[in-house]
Number of protein chains: 2
Amino acid sequence: MEISRELVRTGSPKYVALANALAEQIRTTLAIGDPLPTERELQAGFGVSRDTVRRAIARLAAAGLVFNVQGSGTYVADPAQIRKGPRLTGFSQDMAERGLRASSRTLDCRIEPCPADTARALGVAEGSGVLLLRRLRLADQAPMALETARLLPGLFGDGLPDPEGSLDTQLAEHGQRIMRASQTITATNLTATEAHLLDQPVGAAALRVDRVGFTDRGRAIEATETLYRGDRYGYETAVERDPS
Amino acid sequence: MEISRELVRTGSPKYVALANALAEQIRTTLAIGDPLPTERELQAGFGVSRDTVRRAIARLAAAGLVFNVQGSGTYVADPAQIRKGPRLTGFSQDMAERGLRASSRTLDCRIEPCPADTARALGVAEGSGVLLLRRLRLADQAPMALETARLLPGLFGDGLPDPEGSLDTQLAEHGQRIMRASQTITATNLTATEAHLLDQPVGAAALRVDRVGFTDRGRAIEATETLYRGDRYGYETAVERDPS
DNA sequence: CAGTGGTCTAGACCACCGA
DNA sequence: CGGTGGTCTAGACCACTGC
């Protein structure tokens, strides 16, 4: 395999740029199971240190593009087998990856007293004012999910967010970025109200995702409950064995 | 913070031993939000290189015990907030972590022709013989899940596995270890048969987890479909934002 | 501006795989 | 046995934080 000898200089660290270059080469010129050039070959070919090569490869391995076999080499993984790990995405991006067009209908957007369990999750006093945003989420014009978000007040300065826009984007514009979240996924039967909104029969199975979002400093700023239609939505994820 | 100056020598790499030592110190002497000693202090205190310190800390960060803030320091994370990422565990271990005692009732254990979708997942011909293992899984004596596993034939030598034991353990004894899996989680309404086995009303919501397990070489050896009772089971996971 | 974590280098030795 | 990936070191500079 021939490997180009130049790295595009971007603002990214060198090992990220190298990882991108390798990913491109893998997509275009390598097949599943093919070995990558050895680390020492890449080191020489790109004129970087072996450590940089290894960090680039580690990045690819984390993304599931390649896997290492000690004493043998690094090989291209089968992308059909290796799903990406769970990622923190908004509804719109999630739908886009499924080839669906996302839209939204706002049901509620106001300040309300925080219920007990959400208050615990957000670390605020029960009954204190939080921003409530309730939206029906559509994919290709048909109901897909019912989303109830509660956010710390004051994240958007004085006002309320634009309920039509991406919450994530608007939070970022105010210097608040959700970097981690913890979620619990359960199955539930839809109530009459929920079923009506989602255009489903009463009692239909739905996937319920309860998510608490944290900033990079570990501060909880958002708690969201989302009910997905069981017949339209699946949550896909890759899992790894514990180091043991 | 005082840090011990000696690393227990085990068979583990030095950075793993250091990570364990740091984890122990965090548990015993540090509180949430406290800063760890700086990397250069740890380097001096333990007599290792800074790179080794950084790899140990990276391990702790991956496990959710600490988080880094550039230019500031490394801090102890709130374990209540940071759930572990999704892990590859068997039913017994999963239940143990929830404080429940797992048991099992075997419904079926035989060789049968492989259905089309499973055949695709396992990379075998449709209708070729695969090992089918169907079990009702109990937690504290009450039904929790209905598990249908299909495995490549020949993994257990000539015979069948002991359906009462841990499948994972028996696979490991035959040199096959599932290192990665990809899953799809959906919600579904229980059929009459399923509901009866799980001691649930017909149509009750259930969490369905479809999992395909791979060895470290990327070979698919197992496909399992599990129906969890919606009223008893939740799938908990942490998600991170994409590097972007 | 001093101190922190983030990146990068050059070189060394080890554990493991396969011919 | 040579070559591979895995670990470890010492040292350097950069980007960022917070006083």
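These values consider heavy atoms only, across backbone and side chains, with no hydrogens, waters or symmetry-generated copies. Note on naming: letters A, B, ... go to the chains in the order of the sequence lines (proteins, then strands), and numbering restarts at 1 for each one.
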Closer than 4.0 angstrom, basic N to acidic O: yes or no for B:R211 and B:E225?
no
Side-chain N or O of [X] closer than 4.0 Å to phosphate OP1/OP2 of [N]:
X	N	value
A:S49	C:dT9	yes
A:T74	D:dG5	yes
A:T38	D:dG3	no

Could you state the [atom1]-[atom2] distance from [X] to [N], rounded to the nearest angstrom?
X	N	atom1	atom2	answer
A:L60	D:dG5	CG	C1'	15 Å
A:Q43	C:dA10	CD	P	8 Å
A:R59	C:dG6	CZ	P	15 Å
A:I57	D:dG5	CD1	P	7 Å
B:Y15	D:dT9	OH	C1'	16 Å
B:E39	C:dG6	CD	P	6 Å
B:N68	D:dT17	CG	P	13 Å
A:L42	D:dG3	CG	P	17 Å

Heavy atoms from C-beta onward define the side chain here; which of [options] lies closest to that of [X]?
X	options	value
B:R54	D:dT9, D:dG5, C:dG6	C:dG6
A:R40	D:dT9, D:dG6, C:dT9	D:dG6
B:K14	C:dC8, D:dG5, D:dC8	D:dC8
A:Q70	C:dC8, C:dC16, C:dG5	C:dC16

DNA chain C nearest-nucleotide lookup for A:S72 and A:D51: closer to the 5′ end is A:D51
If we only count heavy atoms from C-beta on, is the A:V48 to A:L18 side-chain gap below 4.5 Å?
yes
Do A:Y235 and A:Q183 have side-chain atoms, one donor and one acceptor, less than 3.5 Å apart?
yes
Could you tell me whether the side chains of B:T224 and B:E222 share a donor-acceptor contact shorter than 3.5 Å?
yes
Using a distance-only criterion (donor-acceptor N/O pair, under 3.5 Å, no hydrogens), is the base of C:dG6 paired with the side chain of A:R55?
no
Has the side chain of A:R50 got a donor or acceptor atom sitting under 3.5 Å from an opposite partner on the base of D:dG6?
yes
To the nearest 0.5 Å, what is the distance between CG (B:N68) and CD (B:E39)?
7.0 Å
